Amino acid sequence: MRGARKRLCSALLLAYGLFSLYAAYTVFLRPRRPAALRPPHKDRRGPRDIDHVSLGNEEWNPWEADEKNEQIASQQRYENNIKMIKNARSHLEQTNLRVQIWGKAAIGLYLWQHIFDGHLEPADVTAPWREGSQKAGKTYFSFITGPSVVPGYFSVEAENVVLVLNGREKAKITYATQWLHYAQTLIQTHKIQHVAVVLLGNEQCNNEWIQPYLKRHGGFVNLLFVTYDYALVNEEDIFQWPLGVATYRNFPVVEPSWSMLHDPRSYLCNFLGTVYKNSSRETLMEILKQDGLDKLCWIAAREQWQPQETNESFKNYQDALLQSDLTLCPVGINTECYRIYEACSYGSLPVIEDVMTPGDCGNSSMYHSAPLQLLKTMGAPFIFIKNWKELPAVLEKEKKMSLQEKIQRRKKLIEWYQNFKAWMRQKFINTLENSFLPSDKG
């Protein structure tokens, strides 16, 4: 009896399964055939019968209404997305800034390649025309440089221009003013709307010549970024800019390596440079010779400054930075020098002679820690000394440091320098956007 029940239950389950498969086939898989045409017949119920007959002749799909609703909803979502993309593009076109940078001083390469981490094509540094571009923040930047970039002989591709100029000496200022007059003509003819200047300033901060071009004095230059401790820096339209590395000598963008950070270095310190008569550099040389300190450091002094390096002298300089724990940075005409930033690139801690040099540089209304107020404000982890007589004690302390302590210091220095460049980049972008973009305030 029990076996018969079992067989009966199995037969029922099998029949149910077959029916379910047939129903699924009928609903989902079997191709639909058009309903047979029937002659229309009249009935008192009128038009409703036509609908009824029509419905009766179609295959019934219980999900058909849901499928149609989903198709409608999907189409609506697609149209909404297209509309949103169009609105976003429209918004970007309204708010995005296009800025063309004209690099007519070597400091422009520090701005583009070191601060912005931008690339240039062609890579050949002797090419007459080099260019690059990138998007940053709300702004699309393009950069052009080289001797072929001449006023009136290139395409002005943006209404906002950053002009990079050299104002260090009289001949350079004459050349810079030609570019300013060209930019002024473009402003007057409505070819461009805004101008900012990045200026390699005079080492004694004699930059009065640029003042009449500033908008605050009736000129057309909206913003000025200037090197050295210029006393007129106000963080409103005049900003201090770092001197950077000697790009005119093709100092490269240095990528930190494991060995740069971790390997022991052969020398406690280095100084490769010009020793001017009656300068503190002569004092430095005398102190290094005492007690044989010059044997612990890589020292190569010369009596006359050379604007260009030979391949050999440049390689020696890079090797000295890479093989020294400290880089000695005596003052020249100004306290700030390329050597500071070049040492940071290789993880060699700058030892800086922290004294003001003659001239008009000094504290501004915003900063009160000159010299090197920009670097100090950014918390540069350097060694600052007032007199080179302090150096023997510094080197004695250096001898006692373990390799692990030096590794940590190198990491901290390189990290600080990378953050410093990133901060300068963001400040530069924000300043341009705040000045050049229309305000949202009603």
Side-chain angles (χ1 to χ4, degrees), residues 97-121 125 127-134 136 139-169 171-184 186-187 192 194-203 207 209-210 213-214 219-228 230 233 237-251 253 336 338 341 374 421 424-425 427-429 431-432 435-436:
L97 198 64
R98 294 185 70 87
V99 173
Q100 190 174 34
I101 304 174
W102 303 344
K104 295 312 299 177
I107 195 173
L109 295 176
Y110 183 69
L111 164 66
W112 186 251
Q113 294 182 305
H114 294 254
I115 299 288
F116 269 72
D117 196 25
H119 299 285
L120 289 174
E121 293 292 340
V125 296
W129 177 284
R130 304 176 74 197
E131 61 185 328
S133 63
Q134 67 171 266
T139 306
Y140 176 81
F141 288 95
S142 59
F143 181 91
I144 56 174
T145 190
S148 291
V149 181
V150 179
Y153 289 89
F154 64 92
S155 175
V156 179
E157 297 178 350
E159 294 183 338
N160 308 284
V161 168
V162 174
L163 190 49
V164 186
L165 300 172
N166 187 338
R168 180 168 280 188
E169 57 194 40
K172 302 294 186 183
I173 292 171
T174 301
Y175 182 67
T177 55
Q178 293 174 8
W179 276 97
L180 286 167
H181 292 156
Y182 174 61
Q184 187 175 30
L186 294 178
I187 287 279
I192 60 176
H194 304 103
V195 175
V197 171
V198 176
L199 180 66
L200 176 62
N202 177 266
E203 288 176 282
N207 302 313
W209 67 273
I210 192 74
Y213 295 97
L214 301 184
F220 62 94
V221 174
N222 301 79
L223 302 168
L224 173 64
F225 300 86
V226 59
T227 58
Y228 305 118
Y230 190 39
V233 166
D237 62 337
I238 304 176
F239 304 84
Q240 187 167 354
W241 191 252
L243 179 62
V245 302
T247 51
Y248 71 94
R249 289 177 174 168
N250 300 320
F251 192 91
V253 177
E336 189 175 8
Y338 298 116
Y341 301 91
L374 176 61
K421 290 187 289 185
M424 291 304 306
R425 176 179 183 266
K427 181 180 180 181
F428 185 77
I429 294 168
T431 303
L432 293 183
S435 178
F436 293 174

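Because the structure is predicted, anything quoted here is derived from the model rather than measured.
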Any side-chain donor near an acceptor of the partner, H194 and N222, under 3.5 Å: no
Give the ring-plane orientation class for F225 versus F239, where under 30° counts as parallel, over 60° as perpendicular and anything between as tilted. parallel
Students often mix this up, so state it plainly: with edges at 30° and 60°, are the rings of W112 and F116 parallel, tilted or perpendicular?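 Taking F116 first and then W112, their aromatic rings lie parallel (interplane angle under 30°).
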Which heavy-atom pair separates [X] from [Y] by the least distance, and what is that distance?
{"X": "A176", "Y": "W209", "value": "CB-CH2, 3.9 Å"}
{"X": "Q100", "Y": "E157", "value": "OE1-N, 3.0 Å"}
{"X": "I429", "Y": "A136", "value": "CD1-CB, 3.5 Å"}
{"X": "L243", "Y": "T227", "value": "CA-CG2, 4.1 Å"}

Check against side chain to side chain donor-acceptor pair (under 3.5 Å), E336 and Y341: CA-CA 9 Å; E336 189 175 8; Y341 301 91; 2.5 Å; yes
Applying the side chain to side chain contact (heavy atoms under 4.5 Å, CB included) criterion to [X], which one of [options] satisfies it?
{"X": "L432", "options": "N160, V162, T139", "result": "V162"}
{"X": "I144", "options": "I101, L120, V149", "result": "V149"}
{"X": "S133", "options": "F143, F141, Y140", "result": "Y140"}

Taking the side chain from [X] and the backbone from [Y], do they hold a donor-acceptor pair closer than 3.5 Å?
{"X": "T177", "Y": "T174", "value": "yes"}
{"X": "S435", "Y": "T431", "value": "no"}
{"X": "N202", "Y": "R168", "value": "yes"}
{"X": "K104", "Y": "G146", "value": "yes"}

Does W241 have its ring centroid less than 6.0 Å away from the ring centroid of F428? yes
Is there a side-chain contact between P242 and Y110, using heavy atoms and a 4.5 Å cut-off? yes
Quick one: are T247 and H114 in side-chain contact, heavy atoms under 4.5 Å?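 Touching, per the 4.5 Å side-chain cut-off.
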Would you give the length of the straight line joining atom CG of L224 to atom CG of N207, rounded to the nearest 0.5 angstrom? 8.0 Å
Do W102 and F154 pass the ring-ring contact (aromatic ring centres under 6.0 Å, His included) test, and can you show the C-alpha distance, the side-chain angles, and the key distance before you say yes or no? CA-CA 10 Å; W102 303 344; F154 64 92; 5.1 Å; yes
Could you check whether atom NZ of K172 has more than 12 heavy atoms from other residues, nucleotides or ligands sitting under 6.0 Å from it?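 At most 12 heavy atoms, drawn from other residues, nucleotides or ligands, come within 6.0 Å of this atom.
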